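Report on the following structure.
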Amino acid sequence: MRIGMLTGGGDCPGLNAVIRAVVRKGVMHYGDEFVGFVEGWRGVIDDRTMALDLQTTSGILHRGGTILRSSRTNVKKIEGGFESCLKAITGHKLDALIAMGGDDTQSISVELVKRGVQCIGVPKTIDNDLSGTDVCFGFDTAVTIATEAVDRLHSTTEAHSRVQVVEVMGRDAGWIAVTAGIAGGADVILAPEKPIDMDEVVRLLRARWESGKRFALVVVAEGAKLPQTGQVALGAKVDSFGHARLSGIGQALAEEIERRTGYETRSVNLGHTQRGGTPTAYDRMLATRYGTAAIDLVHQGKTGRLVVLQGNRITDIPLEDAIAKTRTVGEDLFAVIKGLQPKA
Ligand code: F6P
C-alpha cells in the first residue's frame, strides 16, 4: 500500500518513535511505501513532502521533535483546503493517511474520512487530555521534566524562605500539574478543572509556615483560572483553532500570593522545555506500540479509528469519540492532593 503520514499541532516527545515504528513494520512486514507530509496539514494542502523509508527513519527513536515538523493549520479555515488535501492524496496515489495529533488534528481527519479517505489517528498531546485513551505519548516525558524542575526548585526556595510558583502546560486539563505536583511534593496544586480559591491557597501556605517549614512550592497549570482574571494569555492572539496563547497565570498568582501573605514569592514558567528533548523510555515504548498498531489498522481496512491505550491494552476507538470531549483529571486524584494537605 501507499500511505501518507503527518504530525499536527504542538510537537511531542515520541513522535519520531511512532514514525519509525509505522515505517519499519510497514516496509518490512507489509511491503508499504510512505509519503511524509511536512508541517502537518499545511504540507498536505501545499503538497510538500519528504521521503519516509528505512533510511530516513533510522536513528530517530530517541530524538524529540518530529522529522516531519508540525503546524497548527486548520484546513476548515482555508478556502479550498479540503479540495487541496484530496488532490495531494490522490496525486500521490495514497491508500491511507496516518495523522498523529490531538483533537484539532484529528478533527480534520474526521472530515477527510467523510470525503472517502482512509484515515487512522495516533493520539498525541503532552496535555494528556484526549478522550478514549488512558495515556498519550509525550505526557510521561513532560511530567518527568516538570517533576525534575520542582525537585530542583526545592533547594533554592528553601534557601530563600520563599514561595515558588511553577507554571506548567495543561490548557484544559491539569494532568501535568497534578502528576508533577504530587510526584514533586508540591504544597499547592492548581488545575483548570477547579477555579483557584485564593483563600484556600493562603490557608495552605500559612499552615506550611506555621508548621515550621518556611518555604513552599505551588504548581499551577497554564489553563487554571483566577476568579478575577480567568485564564491568563499572552495578548489577544489566537491560533487557527481559536486557542489563545496561555501564559502568565504563574506570575499573576505569585503577585497575588505575595500581596495576601507577605511571603516573598517568585514564579517560573516551564513552557516549551516540557515538550523538548529526548522522550522517556515509557514514551518511546508507548509510541512504538501505537505506531505498530496504526499500520496494522490500515491493513485491516479500518478507517476513522484512533489507536488508544486502555489499561495496558492497545485497542482502537472512533476518531469522533476522541474529539467529542476533553479528558479531565478525576476527583480521585484531587482527593489524593487533599489527603496530603492540612485539613481546613
Ligand atoms: O500541545 C498542547 C500544548 O502543549 C498546550 O499545553 C499549550 O497551551 C500549547 O501546546 C502551546 O503550544 P504552542 O505555543 O507551541 O503553540
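The structure presented is a predicted model; accordingly, all values stated were derived computationally and were not measured. Order of appearance sets the numbers: ligands from 1, and atoms from 1 within every ligand.
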>> Does atom CZ (R2) have a neighbourhood of more than 12 heavy atoms from anything else shown, all under 6.0 Å?
In response: yes
> Is the shortest distance from a heavy atom of G9 to ligand 1 less than 4.0 Å?
Replying inline: no
> Can you tell me which residue and heavy atom of the protein come closest to atom 2 (C) of ligand 1, and the distance to 0.1 Å?
Replying inline: D127 OD2, 3.6 Å
>> Between E264 and R266 (salt bridge meaning N to carboxylate O under 4.0 Å), is one present in this structure?
In response: yes
> Counting distance only, does the side-chain N/O of E320 pair as donor-acceptor with the main-chain N or O of V110 below 3.5 Å?
Replying inline: no
> Is T125 close to ligand 1, meaning an N/O of one under 3.5 Å from an N/O of the other?
Replying inline: no
>> Among all the protein's non-hydrogen atoms, which is closest to atom 12 (O) of ligand 1, and how far away is it?
In response: R72 NH2, 2.8 Å
>> I'd like to know if the side chain of Q274 and the backbone of M169 have a donor-acceptor N/O pair within less than 3.5 Å.
In response: yes
> Of all the atoms in ligand 1, which lie at a distance below 4.0 Å from a heavy atom belonging to G170?
Replying inline: 6 (O)
> Looking at atom 11 (C) of ligand 1, what's its closest protein heavy atom, distance included?
Replying inline: R275 NH1, 3.5 Å
Name every donor-acceptor pair, under 3.5 Å, that has one atom in a side chain of residues 329-344 and the other anywhere in the protein, sequence neighbours excluded.
from: E331; atom 1: OE1; to: K194; atom 2: NZ; distance (Å): 3.4
from: E331; atom 1: OE2; to: K194; atom 2: NZ; distance (Å): 2.9
from: Q341; atom 1: NE2; to: D187; atom 2: O; distance (Å): 3.1

Pairs under 3.5 angstrom only: tabulate donor-acceptor contacts from the side chains of residues 76-88 to other protein residues two or more places apart or in another chain.
from: K77; atom 1: NZ; to: S240; atom 2: O; distance (Å): 3.1
from: S84; atom 1: OG; to: G80; atom 2: O; distance (Å): 3.0

> Mind checking whether H272 has an N or O less than 3.5 Å away from an N or O of ligand 1?
Replying inline: yes
> To the nearest 0.1 Å, how far is atom 4 (O) of ligand 1 from its closest protein heavy atom, and which atom is that?
Replying inline: M169 SD, 3.1 Å
> To which protein heavy atom is atom 8 (O) of ligand 1 closest, and what is the distance rounded to 0.1 Å?
Replying inline: E222 OE2, 2.7 Å
>> I'd like to know if the side chain of Q106 reaches the main chain of L319, judged simply by a donor and an acceptor atom lying under 3.5 Å from each other, with no hydrogens or angles considered.
In response: no
> Where's the contact between I126 and ligand 1, heavy-atom distance under 4.0 Å: side chain, backbone, both or neither?
Replying inline: side chain
